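Okay, so here's the structure we're looking at.
Keep in mind it's a predicted model, so treat the numbers as computed, not measured.
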Amino acid sequence: MNTLFKDLQGLTNFVSDIYARIKRIFVPPRAYAWQTLIYLSVFSWAISYFATPPIEDAIAFFGWLFLIAGTSWYTTDDPLRVPGTFMPVGAVITGFLVSVFAFGQQDNNGITPNTIVLWPTISALITAVPEFFEGSGTDAKAQIPKPEDRQRIIVLVASCMVLSCWLQFYFVVNNWVEQYPSLLSDNFKNSAFVVKTEIPTKVPPNGALILREIRPRLENQIDKQPWAQVEKWLQNANANLSNLAEQVIQDKRLRQKDEKFLWRIEPRISNPNPRKKDEYILDILSIWTGPSSDRRGYYLKQSCQIRPIVDTTSRATNSKTDEKSIIAEVECGRVSKPILGLPPAQR
(Lines give C-alpha, C1' and ligand atoms only; values in the text may rest on other atoms or scores of the structure.)
Protein backbone atom coordinates (compact mmCIF):
# COMPACT_ATOMS: atom_id res chain seq x y z
CA MET A 1 0.00 0.00 0.00
CA ASN A 2 2.83 2.37 0.85
CA THR A 3 4.37 1.80 -2.58
CA LEU A 4 1.03 2.41 -4.32
CA PHE A 5 0.50 5.57 -2.28
CA LYS A 6 3.97 6.86 -3.19
CA ASP A 7 3.34 6.14 -6.88
CA LEU A 8 0.03 8.00 -6.77
CA GLN A 9 1.65 10.89 -4.94
CA GLY A 10 4.47 11.03 -7.53
CA LEU A 11 1.94 11.01 -10.38
CA THR A 12 -0.04 13.78 -8.71
CA ASN A 13 3.08 15.88 -8.31
CA PHE A 14 4.00 15.31 -11.96
CA VAL A 15 0.55 16.40 -13.15
CA SER A 16 0.62 19.39 -10.82
CA ASP A 17 4.00 20.43 -12.17
CA ILE A 18 2.75 20.24 -15.78
CA TYR A 19 -0.36 22.22 -14.82
CA ALA A 20 1.77 24.88 -13.12
CA ARG A 21 3.95 25.26 -16.22
CA ILE A 22 0.93 25.54 -18.51
CA LYS A 23 -0.67 28.04 -16.14
CA ARG A 24 2.54 30.09 -16.07
CA ILE A 25 2.49 30.28 -19.88
CA PHE A 26 -1.18 31.06 -20.44
CA VAL A 27 -2.10 32.98 -17.29
CA PRO A 28 -0.28 36.33 -17.00
CA PRO A 29 1.25 36.96 -13.56
CA ARG A 30 0.13 40.59 -13.83
CA ALA A 31 -1.91 42.74 -16.20
CA TYR A 32 1.17 44.19 -17.89
CA ALA A 33 2.61 40.99 -19.40
CA TRP A 34 3.37 39.50 -22.80
CA GLN A 35 0.40 37.10 -22.50
CA THR A 36 -1.93 40.11 -22.30
CA LEU A 37 -0.64 41.42 -25.62
CA ILE A 38 -1.04 38.03 -27.29
CA TYR A 39 -4.62 37.75 -26.02
CA LEU A 40 -5.33 41.28 -27.24
CA SER A 41 -4.08 40.33 -30.70
CA VAL A 42 -6.32 37.24 -30.81
CA PHE A 43 -9.25 39.30 -29.57
CA SER A 44 -8.59 41.99 -32.20
CA TRP A 45 -8.54 39.45 -35.06
CA ALA A 46 -11.73 37.82 -33.76
CA ILE A 47 -13.50 41.18 -33.62
CA SER A 48 -12.20 42.23 -37.05
CA TYR A 49 -13.84 39.13 -38.54
CA PHE A 50 -17.26 40.56 -37.74
CA ALA A 51 -16.39 44.13 -38.77
CA THR A 52 -16.46 45.71 -42.21
CA PRO A 53 -13.85 47.88 -43.95
CA PRO A 54 -12.31 50.25 -43.00
CA ILE A 55 -13.01 49.33 -39.35
CA GLU A 56 -11.93 45.75 -40.07
CA ASP A 57 -8.51 46.88 -41.35
CA ALA A 58 -7.98 49.22 -38.39
CA ILE A 59 -8.73 46.49 -35.84
CA ALA A 60 -6.55 43.96 -37.71
CA PHE A 61 -3.75 46.55 -37.76
CA PHE A 62 -3.76 46.77 -33.96
CA GLY A 63 -3.96 42.99 -33.79
CA TRP A 64 -0.67 42.77 -35.68
CA LEU A 65 0.93 45.35 -33.40
CA PHE A 66 -0.14 43.42 -30.28
CA LEU A 67 1.16 40.14 -31.74
CA ILE A 68 4.54 41.61 -32.68
CA ALA A 69 4.96 43.32 -29.30
CA GLY A 70 3.88 40.23 -27.33
CA THR A 71 6.11 37.86 -29.30
CA SER A 72 9.09 40.20 -28.98
CA TRP A 73 8.54 40.53 -25.23
CA TYR A 74 8.25 36.78 -24.66
CA THR A 75 11.31 35.86 -26.74
CA THR A 76 13.54 38.50 -25.10
CA ASP A 77 12.79 37.51 -21.50
CA ASP A 78 15.24 34.61 -21.72
CA PRO A 79 16.85 35.06 -25.17
CA LEU A 80 18.18 32.08 -27.07
CA ARG A 81 20.95 33.12 -29.46
CA VAL A 82 21.38 32.04 -33.04
CA PRO A 83 24.53 29.88 -33.04
CA GLY A 84 27.66 31.88 -33.89
CA THR A 85 25.96 35.28 -33.54
CA PHE A 86 24.57 37.53 -30.83
CA MET A 87 21.18 37.64 -32.61
CA PRO A 88 18.35 36.34 -30.41
CA VAL A 89 16.03 33.76 -31.92
CA GLY A 90 13.23 36.06 -30.79
CA ALA A 91 14.51 38.76 -33.13
CA VAL A 92 14.27 36.29 -36.02
CA ILE A 93 10.67 35.43 -35.10
CA THR A 94 9.75 39.08 -34.57
CA GLY A 95 11.47 40.06 -37.82
CA PHE A 96 9.36 37.52 -39.69
CA LEU A 97 6.14 38.88 -38.16
CA VAL A 98 7.15 42.46 -39.00
CA SER A 99 8.02 41.44 -42.57
CA VAL A 100 4.69 39.66 -43.04
CA PHE A 101 2.84 42.61 -41.53
CA ALA A 102 4.64 45.17 -43.71
CA PHE A 103 4.94 43.29 -47.02
CA GLY A 104 2.53 40.36 -46.82
CA GLN A 105 -0.62 42.36 -47.43
CA GLN A 106 0.07 42.55 -51.18
CA ASP A 107 -1.02 38.96 -51.66
CA ASN A 108 -3.93 37.00 -50.24
CA ASN A 109 -1.52 34.20 -49.34
CA GLY A 110 0.31 36.50 -46.92
CA ILE A 111 3.80 35.42 -48.01
CA THR A 112 5.38 37.41 -50.83
CA PRO A 113 8.97 37.47 -52.16
CA ASN A 114 9.54 40.80 -50.38
CA THR A 115 8.52 39.15 -47.10
CA ILE A 116 11.24 36.51 -47.42
CA VAL A 117 13.88 38.83 -48.89
CA LEU A 118 13.67 41.50 -46.18
CA TRP A 119 13.22 39.08 -43.27
CA PRO A 120 16.97 38.69 -42.44
CA THR A 121 17.66 42.44 -42.69
CA ILE A 122 14.69 43.36 -40.49
CA SER A 123 15.75 40.75 -37.92
CA ALA A 124 19.27 42.22 -37.86
CA LEU A 125 17.91 45.75 -37.36
CA ILE A 126 15.68 44.55 -34.52
CA THR A 127 18.77 43.01 -32.90
CA ALA A 128 20.85 46.17 -33.40
CA VAL A 129 18.34 48.80 -32.20
CA PRO A 130 18.55 47.94 -28.45
CA GLU A 131 22.33 48.44 -28.61
CA PHE A 132 21.68 52.18 -29.12
CA PHE A 133 19.70 52.46 -25.87
CA GLU A 134 20.68 52.05 -22.24
CA GLY A 135 18.21 50.91 -19.63
CA SER A 136 14.67 49.69 -20.22
CA GLY A 137 11.13 51.00 -20.22
CA THR A 138 10.68 54.73 -19.55
CA ASP A 139 14.22 54.98 -18.14
CA ALA A 140 15.90 54.10 -21.46
CA LYS A 141 18.42 56.63 -22.76
CA ALA A 142 20.03 56.87 -26.17
CA GLN A 143 23.70 55.98 -26.38
CA ILE A 144 26.44 55.32 -28.90
CA PRO A 145 27.54 51.67 -28.81
CA LYS A 146 31.09 50.87 -27.79
CA PRO A 147 33.63 50.36 -30.61
CA GLU A 148 33.65 46.58 -30.19
CA ASP A 149 29.84 46.55 -30.23
CA ARG A 150 29.75 48.71 -33.35
CA GLN A 151 31.92 46.22 -35.20
CA ARG A 152 29.71 43.24 -34.47
CA ILE A 153 26.57 45.28 -35.26
CA ILE A 154 27.99 46.25 -38.66
CA VAL A 155 29.06 42.67 -39.38
CA LEU A 156 25.64 41.30 -38.40
CA VAL A 157 23.63 43.84 -40.40
CA ALA A 158 25.92 43.56 -43.44
CA SER A 159 25.80 39.75 -43.36
CA CYS A 160 22.00 39.77 -43.22
CA MET A 161 21.85 42.27 -46.07
CA VAL A 162 24.04 39.98 -48.18
CA LEU A 163 21.71 37.10 -47.33
CA SER A 164 18.75 39.26 -48.42
CA CYS A 165 20.55 39.98 -51.70
CA TRP A 166 21.03 36.27 -52.34
CA LEU A 167 17.36 35.61 -51.59
CA GLN A 168 16.40 38.40 -54.00
CA PHE A 169 18.70 36.88 -56.63
CA TYR A 170 16.92 33.55 -56.19
CA PHE A 171 13.51 35.13 -56.81
CA VAL A 172 14.85 37.04 -59.83
CA VAL A 173 16.23 33.85 -61.40
CA ASN A 174 13.03 31.99 -60.54
CA ASN A 175 11.01 34.72 -62.24
CA TRP A 176 13.25 34.48 -65.31
CA VAL A 177 12.65 30.74 -65.48
CA GLU A 178 8.89 31.19 -65.19
CA GLN A 179 8.74 33.81 -67.93
CA TYR A 180 11.48 32.29 -70.10
CA PRO A 181 11.36 28.49 -69.54
CA SER A 182 13.60 27.87 -72.56
CA LEU A 183 16.52 29.12 -70.47
CA LEU A 184 16.47 25.77 -68.64
CA SER A 185 17.60 24.00 -71.81
CA ASP A 186 20.82 26.02 -71.90
CA ASN A 187 24.20 25.01 -70.47
CA PHE A 188 25.02 26.39 -67.00
CA LYS A 189 28.26 24.50 -66.34
CA ASN A 190 30.32 27.72 -66.45
CA SER A 191 27.96 29.66 -64.18
CA ALA A 192 29.17 30.59 -60.69
CA PHE A 193 25.63 31.35 -59.47
CA VAL A 194 23.18 28.90 -61.06
CA VAL A 195 23.30 25.16 -60.40
CA LYS A 196 20.83 22.77 -61.99
CA THR A 197 19.20 20.41 -59.50
CA GLU A 198 16.77 18.80 -61.96
CA ILE A 199 17.18 16.80 -65.16
CA PRO A 200 18.06 19.37 -67.87
CA THR A 201 15.53 20.04 -70.61
CA LYS A 202 17.00 19.00 -73.96
CA VAL A 203 14.56 20.91 -76.17
CA PRO A 204 13.28 24.43 -75.36
CA PRO A 205 9.57 23.86 -74.62
CA ASN A 206 8.16 27.01 -76.18
CA GLY A 207 10.35 26.89 -79.28
CA ALA A 208 9.24 23.32 -79.97
CA LEU A 209 5.63 24.20 -79.12
CA ILE A 210 5.58 26.97 -81.71
CA LEU A 211 6.82 24.59 -84.42
CA ARG A 212 4.37 21.85 -83.42
CA GLU A 213 1.48 24.31 -83.49
CA ILE A 214 2.52 25.75 -86.86
CA ARG A 215 2.54 22.31 -88.51
CA PRO A 216 -1.27 21.66 -88.59
CA ARG A 217 -1.90 25.25 -89.69
CA LEU A 218 0.65 24.84 -92.48
CA GLU A 219 -0.89 21.56 -93.61
CA ASN A 220 -4.33 23.12 -93.54
CA GLN A 221 -3.16 25.86 -95.94
CA ILE A 222 -1.18 23.87 -98.52
CA ASP A 223 -1.89 20.14 -98.14
CA LYS A 224 -4.20 18.83 -100.89
CA GLN A 225 -4.30 22.31 -102.43
CA PRO A 226 -3.70 22.98 -106.18
CA TRP A 227 0.00 22.85 -106.95
CA ALA A 228 0.08 26.22 -108.68
CA GLN A 229 -1.44 27.82 -105.56
CA VAL A 230 1.11 26.08 -103.32
CA GLU A 231 4.01 27.37 -105.40
CA LYS A 232 2.70 30.91 -104.99
CA TRP A 233 2.45 30.26 -101.24
CA LEU A 234 6.09 29.16 -101.17
CA GLN A 235 7.18 32.26 -103.07
CA ASN A 236 5.71 34.36 -100.25
CA ALA A 237 6.72 31.94 -97.48
CA ASN A 238 8.22 34.60 -95.19
CA ALA A 239 4.98 36.54 -94.83
CA ASN A 240 2.81 33.41 -94.72
CA LEU A 241 4.86 31.80 -91.95
CA SER A 242 4.93 35.08 -90.02
CA ASN A 243 1.13 35.08 -90.03
CA LEU A 244 1.02 31.48 -88.82
CA ALA A 245 3.56 32.22 -86.07
CA GLU A 246 1.52 35.22 -84.92
CA GLN A 247 -1.55 33.01 -84.60
CA VAL A 248 0.42 30.48 -82.53
CA ILE A 249 1.91 33.15 -80.24
CA GLN A 250 -1.60 34.38 -79.40
CA ASP A 251 -2.43 30.86 -78.19
CA LYS A 252 -3.43 30.76 -74.50
CA ARG A 253 -0.43 28.58 -73.62
CA LEU A 254 2.01 31.26 -74.79
CA ARG A 255 -0.04 34.37 -74.18
CA GLN A 256 1.17 34.80 -70.58
CA LYS A 257 4.85 34.18 -71.36
CA ASP A 258 7.21 37.05 -72.12
CA GLU A 259 9.41 34.54 -73.92
CA LYS A 260 7.08 34.46 -76.93
CA PHE A 261 8.70 37.62 -78.29
CA LEU A 262 12.17 36.03 -78.27
CA TRP A 263 11.39 33.37 -80.88
CA ARG A 264 11.67 34.32 -84.56
CA ILE A 265 10.18 32.07 -87.24
CA GLU A 266 11.87 31.94 -90.65
CA PRO A 267 11.57 29.57 -93.63
CA ARG A 268 14.35 27.97 -95.66
CA ILE A 269 13.32 26.45 -99.00
CA SER A 270 15.54 24.06 -100.95
CA ASN A 271 15.33 21.48 -103.72
CA PRO A 272 16.87 18.20 -102.54
CA ASN A 273 16.67 16.54 -105.94
CA PRO A 274 17.69 18.74 -108.92
CA ARG A 275 16.16 16.19 -111.30
CA LYS A 276 12.74 16.82 -109.77
CA LYS A 277 12.37 20.56 -109.83
CA ASP A 278 8.83 20.42 -108.50
CA GLU A 279 9.81 18.92 -105.11
CA TYR A 280 10.73 21.20 -102.21
CA ILE A 281 12.02 20.93 -98.68
CA LEU A 282 10.58 23.61 -96.41
CA ASP A 283 12.66 24.00 -93.25
CA ILE A 284 10.79 25.98 -90.60
CA LEU A 285 13.32 27.52 -88.22
CA SER A 286 12.45 28.64 -84.72
CA ILE A 287 15.36 30.97 -83.88
CA TRP A 288 16.09 31.92 -80.27
CA THR A 289 16.98 35.62 -79.96
CA GLY A 290 17.26 35.68 -76.16
CA PRO A 291 20.31 35.16 -73.92
CA SER A 292 22.40 32.07 -74.56
CA SER A 293 25.62 30.52 -73.24
CA ASP A 294 26.84 30.45 -76.86
CA ARG A 295 27.21 33.88 -78.44
CA ARG A 296 26.07 32.46 -81.78
CA GLY A 297 22.76 31.36 -80.27
CA TYR A 298 20.79 28.34 -81.43
CA TYR A 299 17.67 27.40 -83.33
CA LEU A 300 15.21 24.52 -83.79
CA LYS A 301 14.21 23.09 -87.14
CA GLN A 302 11.28 21.17 -88.52
CA SER A 303 11.59 19.91 -92.10
CA CYS A 304 8.55 19.47 -94.34
CA GLN A 305 8.70 17.77 -97.74
CA ILE A 306 6.33 19.28 -100.29
CA ARG A 307 5.75 17.50 -103.62
CA PRO A 308 3.05 17.39 -106.32
CA ILE A 309 0.77 14.37 -106.69
CA VAL A 310 -2.17 13.49 -108.89
CA ASP A 311 -5.58 14.06 -107.37
CA THR A 312 -7.12 10.67 -108.16
CA THR A 313 -10.52 11.58 -106.76
CA SER A 314 -10.81 14.59 -109.04
CA ARG A 315 -9.65 12.50 -112.03
CA ALA A 316 -12.26 9.84 -111.39
CA THR A 317 -15.14 12.27 -111.20
CA ASN A 318 -14.03 14.33 -114.20
CA SER A 319 -14.90 11.93 -117.03
CA LYS A 320 -15.30 14.59 -119.74
CA THR A 321 -11.60 15.58 -119.83
CA ASP A 322 -8.30 13.76 -119.55
CA GLU A 323 -6.61 16.59 -117.70
CA LYS A 324 -4.91 15.52 -114.50
CA SER A 325 -5.44 17.65 -111.39
CA ILE A 326 -2.12 18.23 -109.61
CA ILE A 327 -2.24 18.92 -105.85
CA ALA A 328 0.37 19.23 -103.11
CA GLU A 329 1.29 16.62 -100.53
CA VAL A 330 3.04 17.65 -97.30
CA GLU A 331 5.02 15.41 -94.92
CA CYS A 332 6.64 17.01 -91.86
CA GLY A 333 9.21 15.40 -89.59
CA ARG A 334 9.92 15.86 -85.91
CA VAL A 335 11.28 18.97 -84.28
CA SER A 336 15.06 18.80 -84.08
CA LYS A 337 17.21 19.24 -81.01
CA PRO A 338 18.75 22.69 -80.48
CA ILE A 339 21.28 23.44 -83.23
CA LEU A 340 24.10 25.71 -82.05
CA GLY A 341 25.25 28.45 -84.35
CA LEU A 342 23.75 30.93 -86.75
CA PRO A 343 20.92 29.67 -88.99
CA PRO A 344 21.71 29.15 -92.70
CA ALA A 345 21.24 32.15 -94.95
CA GLN A 346 18.09 32.44 -97.01
CA ARG A 347 18.41 31.69 -100.71
Backbone N/O of Lys232 and side chain of Asn236: donor-acceptor pair under 3.5 Å: no
Sort and list the pairs that fulfil side-chain hydrogen bond (donor to acceptor under 3.5 Å, both in side chains) and have at least one residue in residues 41-52, not counting sequence neighbours. none
Return yes if some donor-acceptor pair links the side-chain N/O of Ser99 with the main-chain N/O of Gly95 below 3.5 Å, else return no. no
side-chain contact (heavy atoms from CB on, under 4.5 Å) for Leu300 and Leu285? Distances and angles first, verdict last. CA-CA 6 Å; Leu300 305 177; Leu285 307 184; over 6 Å; no
Evaluation steps, side-chain contact (heavy atoms from CB on, under 4.5 Å), between Tyr298 and Ile339: CA-CA 5 Å; Tyr298 63 88; Ile339 303 173; 5.8 Å; no
Can you tell me if CZ on Arg334 sees more than 12 non-hydrogen neighbours from other groups inside 6.0 Å? no
Can you find a heavy atom in the side chain of Ile327 that is under 4.5 Å from one in the side chain of Asp223? no
Between Val42 and Leu65, is there shared hydrophobic-cluster membership here, with clusters defined by ILVMFWY side-chain heavy atoms closer than 4.5 Å? no
Does Tyr170 OH have over 12 foreign heavy atoms under 6.0 Å away? no
Using distance alone, with no hydrogens and no angle criterion, decide if Gln250 and Glu246 have a side-chain donor and acceptor under 3.5 Å apart. yes
Compute the centroid of each ring, for Phe61 and then for Phe101, and state whether the two points are separated by less than 6.0 Å. yes
Checking side-chain polar atoms at under 3.5 Å, does Thr71 have a donor or acceptor matched by the opposite partner on Thr94? no
So Met87 and Leu156, do their side chains get closer than 4.5 Å, heavy atoms only? yes
Do Trp263 and Ile287 make a side-chain contact, defined as non-hydrogen atoms from C-beta onward lying under 4.5 Å apart? no
Shortest non-hydrogen pair, Ile222 vs Ala328, comes out as O-CB, 3.5 Å
Closest non-hydrogen contact found for Arg296 with Leu342 is O-CD2, 3.5 Å
Could you measure the distance from the CG atom of Leu97 to the CD1 atom of Ile122? Nearest 0.5 Å is fine. 10.5 Å
Any side-chain heavy atom of Ile326 sitting closer than 4.5 Å to one from Pro226? no
Atom NZ of Lys224: over 12 foreign heavy atoms under 6.0 Å: yes
Side-chain heavy atoms under 4.5 angstrom apart, residues restricted to Ile, Leu, Val, Met, Phe, Trp, Tyr: same cluster for Leu218 and Tyr299? no
Arg307 side-chain N/O to Glu279 backbone N/O, donor-acceptor pair under 3.5 Å: no
With side chains defined as the heavy atoms from C-beta onward, is the minimum distance between Val98 and Trp64 less than 4.5 Å? no
With sequence neighbours left out, the residues meeting ring pair (Phe, Tyr, Trp, His ring centres under 6.0 Å) with Phe96 are Trp119
Quick check: does any side chain N or O of Arg217 sit under 3.5 Å from a backbone N or O of Glu213, one acting as donor and the other as acceptor? yes
Sorted by chain and residue number, the side-chain contact (heavy atoms from CB on, under 4.5 Å) partners of Ala51 (sequence neighbours excluded) come out as Ile55, Glu56, Ile59
Quick one: which residue pairs count as a salt bridge (Lys or Arg N to Asp or Glu O under 4.0 Å) with a foot in residues 116-132, not counting sequence neighbours? Glu131-Arg152
Which pair of heavy atoms, one from Leu37 and one from Phe66, lies closest together, and at what distance? O-CB, 3.3 Å
Counting only heavy atoms not in Gln151, do more than 12 sit closer than 6.0 Å to its CD atom? no
Got a sec, which residues hit ring pair (Phe, Tyr, Trp, His ring centres under 6.0 Å) with Trp233, two or more places apart in sequence or on another chain? none
Shared hydrophobic cluster for Ile309 and Ile281 (ILVMFWY, side-chain gaps under 4.5 Å): no
Check whether Gln302 reaches the backbone of Gly333 with its side chain - one donor and one acceptor, N or O, closer than 3.5 Å. yes
Tell me, do Ile265 and Ile214 make a side-chain contact under 4.5 Å, heavy atoms counted? yes
Any ion pair linking Arg268 and Glu266 (charged N to carboxylate O, less than 4.0 Å)? yes
All ring pair (Phe, Tyr, Trp, His ring centres under 6.0 Å) counterparts of Phe43, not counting sequence neighbours: none
If we only count heavy atoms from C-beta on, is the Met161 to Pro120 side-chain gap below 4.5 Å? no
Heavy-atom closest pair (Leu118 atom, Ser164 atom, distance to 0.1 Å) is CA-OG, 4.4 Å
When every non-hydrogen atom of Val117 is compared with those of Leu167, the smallest separation belongs to CG2-C, 4.0 Å
Could you tell me whether the side chain of Ser336 and the main chain of Lys301 form a donor-acceptor pair under 3.5 Å? yes
Closest non-hydrogen atom pair between Thr289 and Arg264, with its separation: CG2-NH1, 3.2 Å
Do the side chains of Val155 and Ser159 get nearer than 4.5 Å, heavy atoms only? yes
Picking from Gln229, Glu231, Gln225, what satisfies side chain to side chain donor-acceptor pair (under 3.5 Å) with Trp227? Glu231
